[in-house]
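Working notes, beginning with the structure itself.
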Amino acid sequence: MGVKGFVEGGIASIIAGCSTHPLDLIKVRMQLQGENQTPTTNIKVRSALAFQPGTVHPSPAPAAATVPPRVGPIAVGVRLVKQEGVAALYSGVSATVLRQVLYSTTRMGLYDMLKKKWSDPNTGGGFTLTRKIAAGLLAGGIGAAVGNPADVAMVRMQADGRLPSAQRRNYKSVVDAITRMAKDEGVTSLWRGSSLTVNRAMLVTASQLASYDEFKETILAKGWMKDGLGTHVTASFAAGFVAAVASNPVDVIKTRVMNMKVEAGSPPPYSGAVDCALKTVRAEGPMALYKGFIPTISRQGPFTVVLFVTLEQVRKVLKDF
């Protein structure tokens with residue numbers, strides 16, 4: 001019974017992850033916008049008289065600093081396709097598959113196990129919202145620790161196309177990415193940003209799985225809809241919105257820490273998650289922590305819908321096993 005929950009969750013997660021991968025890639029590109037960019041100066045050269053001897057000129061006005069404008073998700077997607085081709089929308093998809101196999105299968109299976117255990121009247125009480133959140137936090141944290149290497153590889157593969165050709169890592173696959181990272185940067189690099197991954201996963205899993213169960217139970221209890229596709233879609237989209245709001249700030253910092261390039265003999269751009277958060281807010285403002293929110297919700301909504309609708313169907317198919 002326990003293994004069945006892992007299988008069901010794994011199948012649903014892989015399907016959801018692959019179907020929404022382009023949206024996840026656009027989200028990563030947007031989260032990296034503005035990073036390590038210095039403001040450009042706008043200096044106007046008035047006329048050739050400025051160079052004529054004997055002419056007295058007023059002191060030049062201070063140069064106006066301009067920050068490169070942020071680009072929206074549609075523009076990011078269009079530019080990506082133009083510059084890198086349609087296939088680039090699936091950059092790092094092998095890492096997505098591995099990530100879902102490791103991370104999502106673990107978190108979905110553990111949550112299902114805890115749900116069955118804590119729903120047992122013999123353990124005292126039902127599966128309350130508090131228990132749902134606790135189960136999500138625990139399952140998400142363990143799943144993230146297991147899947148972190150694939151998560152780092154996925155972020156790097158998705159971000160590679162935005163770099164100049166000479167600076168690209170050009171990983172051939174998720175296996176190549178993990179192998180080269182371990183060889184060039186040490187095995188510990190595979191768990192770079194793991195504290196952020198774990199925190200994000202705990203937030204996502206607790207908000208996503210707990211709120212889905214809570215929304216679904218409320219809809220059925222109030223008699224607003226019957227248990228079917230409409231209920232599953234409504235509850236899952238609401239759960240996706242809750243998860244996106246809760247996790248986006250951690251997701252931005254996680255993306256930047258995982259993607260940072262550490263040159264030999266040079267200090268890393270960020271010493272850790274807190275340092276990255278402080279530098280990001282100082283350089284780009286507090287709302288930088290919600291960069292990529294539109295593609296996050298655009299991805300989290302469909303991902304959560306596909307995840308839970310698929311999960312419900314897989315459960316029907318495997319109910320006799």
Side-chain angles (χ1 to χ4, degrees), residues 10 13 17 21 24-25 27-29 31-32 35-36 91-110 137-163 166-206 247-281 283 289 291-292:
S13 298
H21 183 82
D24 194 46
L25 186 145
K27 176 202 73 175
V28 167
R29 295 290 181 92
Q31 288 174 339
L32 292 171
E35 185 183 33
N36 300 328
S91 297
V93 72
S94 62
T96 290
V97 173
L98 181 61
R99 178 176 181 268
Q100 298 302 334
V101 168
L102 296 176
Y103 159 62
S104 287
T105 300
T106 302
R107 74 177 184 124
M108 298 288 285
L110 285 175
L137 291 171
L138 182 60
I142 295 172
V146 171
N148 200 80
D151 213 352
V152 178
M154 183 183 73
V155 166
R156 290 188 171 198
M157 291 172 77
Q158 289 178 334
D160 215 31
R162 68 187 284 274
L163 299 171
Q167 296 178 24
R168 291 180 187 176
R169 297 178 173 104
N170 294 318
Y171 296 133
K172 297 174 184 176
S173 66
V174 64
V175 175
D176 179 50
I178 291 174
T179 302
R180 281 172 53 187
M181 283 171 61
K183 181 181 177 182
D184 300 340
E185 304 170 51
V187 176
T188 54
S189 68
L190 297 175
W191 273 270
R192 179 174 292 154
S194 58
S195 62
L196 288 162
T197 306
V198 169
N199 289 334
R200 177 191 178 277
M202 291 173 73
L203 286 171
V204 168
T205 306
S247 66
N248 204 90
V250 179
D251 201 27
V252 171
I253 304 305
K254 175 184 78 75
T255 295
R256 293 189 172 196
V257 169
M258 286 183 168
N259 187 59
M260 70 177 176
K261 210 161 192 173
V262 182
E263 303 290 346
S266 301
Y270 309 117
S271 61
V274 175
D275 182 51
C276 179
L278 291 174
K279 285 180 178 176
T280 298
V281 171
L289 296 176
K291 274 188 174 180

Where [X] and [Y] come nearest, the two heavy atoms and their spacing:
X	Y	answer
Ala177	Ala153	CB-CB, 3.9 Å
Gly140	Thr205	CA-OG1, 3.3 Å
Tyr270	Cys276	CD2-CA, 3.5 Å
Gly186	Ser189	O-OG, 2.7 Å

Applying side chain to side chain contact (heavy atoms under 4.5 Å, CB included), can you list everything that pairs with [X], at least two apart in sequence or on another chain?
X	answer
Leu203	Val250
Ser94	Met157, Ser173, Val174
Ser104	Ser13, Gln100, Arg107
Ala182	Val187, Leu190

Nearest 0.5 Å, what's the [atom1]-[atom2] distance between [X] and [Y]?
X	Y	atom1	atom2	result
Arg29	Asp24	CZ	CG	11.5 Å
Leu137	Ile142	CG	CD1	11.0 Å
Thr96	Met154	OG1	CE	5.0 Å
Asn199	Ile253	CG	CD1	12.0 Å

Checklist line | Short side-chain to backbone donor-acceptor contact, Ser247 and Val204, under 3.5 Å | finding: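 No, because the side chain of Ser247 does not come within donor-acceptor range (under 3.5 Å) of the backbone of Val204.
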[X]: what forms a side chain to side chain donor-acceptor pair (under 3.5 Å) with it, not counting sequence neighbours?
X	result
Arg156	Tyr171, Glu185
Thr106	none
Asn170	none
Asn148	Thr197

Margin query: The criterion is salt bridge (charged side-chain N to carboxylate O under 4.0 Å, His left out); which residues satisfy it with Asp176, sequence neighbours excluded?
Written below: Arg180
Margin query: Test: salt bridge (Lys or Arg N to Asp or Glu O under 4.0 Å). Region: residues 91-102. Which pairs qualify, not counting sequence neighbours?
Written below: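 Residue pairs passing salt bridge (Lys or Arg N to Asp or Glu O under 4.0 Å), neighbours aside: Arg99-Asp151.
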Notebook entry, point to check: Does anything in residues 194-203 pair up under salt bridge (Lys or Arg N to Asp or Glu O under 4.0 Å), and if so which pairs, sequence neighbours excluded?
Noted result: Arg200-Asp251
Note to self: Would Leu25 and Ser91 count as a side chain to side chain contact (heavy atoms under 4.5 Å, CB included) here? Give the steps.
What the structure shows: CA-CA 8 Å; Leu25 186 145; Ser91 297; 3.7 Å; yes
